[in-house]
Structures are given as structure tokens and as C-alpha cells.
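By convention here, the first residue in the shown sequence is residue 1. In this text, all values refer to a predicted model and were calculated from it rather than measured experimentally. Both backbone and side-chain heavy atoms feed into the values below; hydrogens, waters and symmetry mates do not.
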Amino acid sequence: MGLRQRGQEEEWDGNGEEVKPNQVDDAECKAKDCHKHEHQNLRCRRFLASPQWKCFTLVVVGFTPVFGVILAMPHLLAELHVEPHMWSYWLHYGFGSWISIQFLYNFLATQWRDPGNCKSIKPSQEVTGQFELGGGDDAPRLLYASNWCTKCSNWKPPRSHHCSSCNRCILRMDHHCPFTGNCIGAFNHGHFVLFYIFAFIGLTYSLVLSLMAAYTTDHASRWTELILPKYKEHKDTVGKHFMTGLTGVAVSIILEVLRRKGWEVMIQLAASVLAFIPVLGTGVPAFQMAWFNTTTMERLFPMKEYVQLKAQVYCPLGPGFYRQSGRENLKMILGKRWWIRLLFPVPGQLDMDLFLAPPPSQAGSQALLQRIEQVKENGVKQEVKHCQDLGFDPGPRPEQSV
């Protein structure tokens, strides 16, 4: 009798060891799943940066101001007994229109303006790819560590990072905002902060106006006088099913208020409440970091930027290194004529030197001077073989110290 042949040939790895078929299949499945996951992430990032997504988010954020000025404002003012022949009537319309235009302009500018491309920016020391540390006479004259981006093939200026979603390096990158579909960088950070400021002012105004129109217009239509009658209507349901009964009471009150006040007033009130929650949740931290001159990237990844104290000796920059006064910090992202941007929907005139050679704070300058003296007296505390171990890529260099 002949020998039975194997149904499947044996496979071997590079070390001469046998690899079972099921192990090969598992490895191939994992590789396919990883490739599929990366492909899906790429498609998602492209969609979130597409014009279709930006138009959708514009419609979402623009509903409250546009609906409020065009449809809700006449009913709100009528409920407050403000007639068209009164000067306050046109004052309300003027303020509502102005705050809406300012908000929409700055939101659009945040979406579509280039946040700052580093491709065409050349360092002050082109041979080594280093940028200078800014500041006055009290600041040490130092250079930033060379930081080469292998994906973009350009030198990174101070406080700049490579964005994987935009696939490029962004000047003074704060973060990538998926809602606006754009990175927040040097050239649109001012618009980003301003649209939050105008959103907060506009929504506060809308909430006050809507609540006054819904509650304090006349004695016969106050909400408090609706609670007891509606509760009596649903008393039996509340006794049998407490939560269902309370829900019925609330719905009945809302429908009665809609009937008396009009759907425009209540829609504006609901839209203002729903919009106010995310504006507070994300706008307050955004304004706080702008006030202290700290980017989101620096908060999430501190101690990732270095200055060169001397040859092959680098010092990391800690949190708050660039913190000036709040007014000066805002002027940096809004421009010298910042007050015009608070009045009119115009772009800012930014000082590029503040981005290419950012000045340190007084405390930051003193800390660097102390560090220089420590290195002179005691030498370095830690040695590494490659600068990549510190988080930056200066290119092929000899052994580094820190």
C-alpha cells in the first residue's frame, strides 16, 4: 500500500521552526483587520475635513442665531410689549444681528482659514534648522533644538506639531478640531476664541430674552398657574404610575405654553439651552488656555520642547514657559488692533515674530538662566544616545546630553 499524502504542506518561519497553518491564518487576519481599521480611520478623517461636513456643522451652529433674528425676534419682542415704533425695538434687532454676524464670521474663518503651514517657513539658522528664542534683554539668547519632520520634510518652528488629520505641520498648533473640520493654529486661533466669546454673549442674550418672554409677559400665562391645573388633570395617572404621570404633566404644560406663547419663542428657548451647554463645556477651557498662553498640545504633552543651552546640551521647557499677562496673551492671537475685531468681522494683523521666536515669561527666563548656571557648575543630569529619545529629530548627530 502507498503512503497517504498530507492534505496541507508544512510551513516554516525564518528560523527553521515549523509554523502551524492556523497560526499563519491568525496573523493574516490580524494584518487584514489592522489595514481595514486604518483605512476606516483615514476615510473618517477625510470626511471630517470635507466641505460637506463643514457645511453641516455651519447649519447646526447657525440655526440658533439665524432663526432667532429672522423668526423668533418679532414674537419675543411682542411678548415683551416692545413695539416697532420704539427705539428699543430696533436696538434689540441691531444687537442681535451684530452678535450673529460676528459669531458666524469667526466660525467660518475658523473652518476655512489656513491655520498656518510650516512648509514655507525657514529657520533663522538654516544650516542647523534652529529657531531663536524670543524675548527682551532679560531673556537668554538661546536657540531651540532642531526639530525635523520626516513626514513633511521641513523644520518645525517653536510650538508647532505635525497633525495626522491634516497631514502637515501646523504653526503654533493648539489642537485639531473635528467639529470645525480644521486645525486650530496661529492664523485662526483668534477666530476660534472669538466665536466662543460671541457665542457666549449671544446665547446669554437669547436665553434672557426667551425666558422673559416665556415667563413674565402677563399674569394669565405664567407657568406657575399651569402646574396645579395640569397636575389635577393627571392626578390619577401620577398615583398609579409616578414617572409616567409626571412626564404627562410636563408635556401638558409645555404644549399649553406653546399654544399661548407660540412655537417660535419655545424653539428659540430650547435651542439656546441646548447650545449653551457645549459652549460652556468647551469654550471656558479654550478661553482659559488662550488667556494663559498654553496650547492643548502643551497641556497634553508637556516637556516635549527643548532649547539648546550649549553644544549637545538641551533643556526641556515646562508648562507656563510662555505665560505673559492675559491681555498680552490674547493680543498675540488676535493681533495688535484686537479691539477692531471685537467690533467688526475682520481678520487680525498678527505679528509673525511672536510665533517664530516666541518670548518666554519672566519666570521662564529666570529658570533658563538658573539652568545654564547649574550646567556650568554641575554638568548634565541625564545622557541619551539619540535626540529621538527626547521627542525631537535633529537628524544624524553624535551622542547627545541633556
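- For the pair Ser361 (side chain) and Gly364 (backbone), a donor-acceptor distance under 3.5 Å is present.
- The aromatic ring centres of His161 and Phe301 sit 6.0 Å or more apart.
- Identified under the ring-ring contact (aromatic ring centres under 6.0 Å, His included) test for residues 336-377, with sequence neighbours left out: none.
- In this structure a side-chain-to-backbone donor-acceptor pair under 3.5 Å is present from Gln111 to Lys54.
- The 12-atom threshold is not exceeded at NZ of Lys376, counting heavy atoms of other residues, nucleotides or ligands nearer than 6.0 Å.
- Between the Gln308 side chain and the Lys310 main chain, a donor and an acceptor come within less than 3.5 Å of each other.
- In this structure, CE on Met303 lies 7.5 Å from SG on Cys315, to the nearest 0.5 angstrom.
- Judged by the 6.0 Å and 45° rule, Lys122 forms no cation-pi pair with Trp155.
- In this structure, the side chain of Glu298 engages the main chain of Thr295 through a donor-acceptor pair within 3.5 Å.
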What do the steps show when you test Asn117 against Cys169 for side-chain contact (heavy atoms from CB on, under 4.5 Å), and what is the final call?
CA-CA 6 Å; Asn117 196 343; Cys169 290; 5.8 Å; no
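- Looking at Tyr322 and Thr294, their side chains never bring a donor and an acceptor atom within 3.5 Å of each other.
- Between Trp90 and Tyr93, the angle of the ring planes lies from 30° to 60°, which puts this pair in the tilted group.
- A distance-only check finds a donor-acceptor pair linking the side chain of Asn188 to the backbone of Gly185 [under 3.5 Å].
- Judged by distance alone, with hydrogens and angles left aside, the side-chain atoms of Ser206 form no donor-acceptor pair with the main-chain N or O of Leu203 at under 3.5 Å.
- Arg172 and His189 share a side-chain donor-acceptor pair at under 3.5 Å.
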Apply ring pair (Phe, Tyr, Trp, His ring centres under 6.0 Å) to the pair Tyr105 and His191, showing each step before the final yes or no.
CA-CA 8 Å; Tyr105 166 77; His191 294 291; 5.7 Å; yes
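- Residue-environment remark: CZ (Arg327) stays at or below the threshold of 12 foreign heavy atoms within 6.0 Å.
- You'll find the ring centres of Phe192 and His175 inside the 6.0 Å limit.
- A distance-only check finds a donor-acceptor pair linking the side chain of Asn182 to the backbone of Arg113 [under 3.5 Å].
- Salt-bridge check for Arg299 with Asp174: failed, with every basic side-chain N at 4.0 Å or more from each acidic carboxylate O.
- For the atom pair CG (Leu368) and CG (Leu133), the distance works out to 6.5 Å, reported to the nearest 0.5 Å.
- Taking the six-membered ring for Trp and the full ring otherwise, Tyr306 and Tyr144 have centroids separated by 6.0 Å or more.
- In terms of modelled atom types and a separation under 3.5 Å, the side chain of Gln324 and the main chain of Pro360 share a donor-acceptor contact.
- If you take CG on Leu207 and CD on Gln268, they are separated by 8.5 Å, rounding to the nearest 0.5 Å.
- Ring centroids of Phe198 and Trp98 are separated by less than 6.0 Å, placing the two rings close together.
- Considering every non-hydrogen atom in both Leu171 and Cys118, the closest pair reads N-SG, 3.4 Å.
- Put simply, the side chain of Ser160 never gets that close to the backbone of Lys156: no donor and acceptor are under 3.5 Å apart.
- Residues forming a side-chain contact (heavy atoms from CB on, under 4.5 Å) with Ala271 (at least two apart in sequence, or on another chain): Phe63, Thr64.
- A donor-acceptor pair shorter than 3.5 Å can be found between the side chains of Arg159 and Asn293.
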